[in-house]
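Nothing fancy with the numbering, it's 1 onward along the sequence. All figures in this text were calculated on a predicted structure; none of them were measured in a lab.
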Amino acid sequence: MTSERFAVTAESGPQPGSVVLSLAGELDHDTADTLRTALEERNGAVRIVVDCEGLSFCDSTGLNVLLRARLQALEAGGRLELAGLHPPVSRMFEITGARTVFQVYDNVAEALTDRRAGG
């Protein structure tokens with residue numbers, strides 16, 4: 001799924017029911033629906049790892065999409081985790097306190113090999 005400034009690609013993770021969503025570009029009010037739709041299409045996944053390596057910007061709208069998706073995943077018995085946060089995106093998560101509610105990994109490889117994450 002793509003817009004002019006933002007793209008989401010999805011691939012199955014190594015464990016059954018897991019998916020990696022890779023984000024690229026700017027996640028903001030104008031592009032958040034692209035992510036929202038991608039997350040809704042994976043509703044029911046046991047584990048969603050959101051790869052933020054290619055994310056250059058995230059505003060409060062994008063943050064809220066991720067927070068809501070995390071809550072929906074938890075309510076369904078799943079998880080939504082983040083990987084590859086870079087400044088200034090990481091800073092926004094820190095300032096808002098959102099970083100403390102997400103499991104955050106340095107990169108997708110680390111997330112996918114985390115034994116504690118199960119699967």
Side-chain angles (χ1 to χ4, degrees):
M1 306 189 88
T2 62
S3 72
E4 281 188 32
R5 294 183 296 113
F6 181 71
V8 179
T9 55
E11 61 183 65
S12 295
Q15 295 93 15
S18 67
V19 64
V20 176
L21 290 181
S22 298
L23 312 185
E26 300 176 5
L27 177 56
D28 59 25
H29 178 11
D30 295 330
T31 61
D33 280 340
T34 302
L35 177 58
R36 189 177 292 113
T37 300
L39 288 163
E40 287 170 358
E41 289 174 356
R42 275 102 194 142
N43 198 4
V46 174
R47 183 181 188 208
I48 299 171
V49 176
V50 179
D51 179 5
C52 301
E53 184 85 23
L55 193 61
S56 59
F57 177 80
C58 180
D59 74 357
S60 61
T61 305
L63 176 61
N64 282 324
V65 170
L66 290 167
L67 287 166
R68 284 190 189 113
R70 178 186 166 276
L71 286 176
Q72 290 172 341
L74 288 172
E75 289 171 1
R79 296 184 314 278
L80 186 140
E81 302 163 334
L82 306 177
L85 290 177
H86 295 296
V89 176
S90 180
R91 178 105 172 103
M92 202 275 253
F93 277 75
E94 289 169 13
I95 289 170
T96 61
R99 190 176 175 107
T100 62
V101 302
F102 286 100
Q103 174 67 47
V104 180
Y105 297 93
D106 287 341
N107 54 56
V108 171
E110 179 184 290
L112 296 179
T113 58
D114 185 354
R115 300 262 186 247
R116 295 169 297 151

First locate atom CG of Asn64, then atom CZ of Arg36, and finally report the distance between them rounded to the nearest 0.5 Å. 9.0 Å
Side-chain heavy atoms under 4.5 angstrom apart, residues restricted to Ile, Leu, Val, Met, Phe, Trp, Tyr: same cluster for Ile48 and Leu63? yes
Show the nearest heavy-atom pair for residues Arg47 and Ala111, with the distance to one decimal. NH2-O, 2.8 Å
Is there a side-chain contact between Phe102 and Leu85, using heavy atoms and a 4.5 Å cut-off? no
Are Val104 and Leu39 co-members of a hydrophobic cluster defined by side-chain heavy atoms under 4.5 Å apart? yes
Mind checking whether Leu80 and Met92 sit in one hydrophobic cluster, side chains of I, L, V, M, F, W, Y counted as touching below 4.5 Å? yes
Going hydrophobic residue to hydrophobic residue with side-chain gaps under 4.5 angstrom, can you get from Phe57 over to Leu82? no
Please check this pair: side chain of Thr31 against backbone of Asp28, looking for a donor-acceptor N/O pair closer than 3.5 Å. yes
Close side-chain approach of Leu35 and Leu66, heavy atoms under 4.5 Å: yes
Point-to-point distance, once rounded to the nearest 0.5 Å, from CG of Leu21 to OG1 of Thr9: 8.0 Å
Can you tell me if Ser56 uses its side chain to pair, donor with acceptor, with the backbone of Gly25 under 3.5 Å? yes
From SG (Cys58) to NE2 (His86), nearest 0.5 Å: 14.0 Å
Tell me whether Arg70 contacts the main-chain N or O of Val101 through its side chain, where contact means a donor paired with an acceptor under 3.5 Å. yes
d(Thr61 OG1, Asp33 CG) to nearest 0.5 Å is 9.5 Å
State, with a plain yes or no, whether a side-chain heavy atom of Leu55 is found less than 4.5 Å away from one of Phe6. yes
Treating Asp59 as the side-chain partner and Gly62 as the backbone partner, does any N or O pair qualify as donor plus acceptor under 3.5 Å? yes
Quick one, Val46 and Gln15 - any side-chain contact, counting heavy atoms below 4.5 Å? no
Does a side-chain heavy-atom distance below 4.5 Å link Leu27 with Val65? no
In Å and rounded to the nearest 0.5 Å, what is the CZ to OG distance from Arg42 to Ser12? 9.0 Å
4.5 Å side-chain heavy-atom contact, Glu53 and Val108: no
How far does OG of Ser90 sit from CD1 of Ile95, to the nearest 0.5 angstrom? 9.5 Å
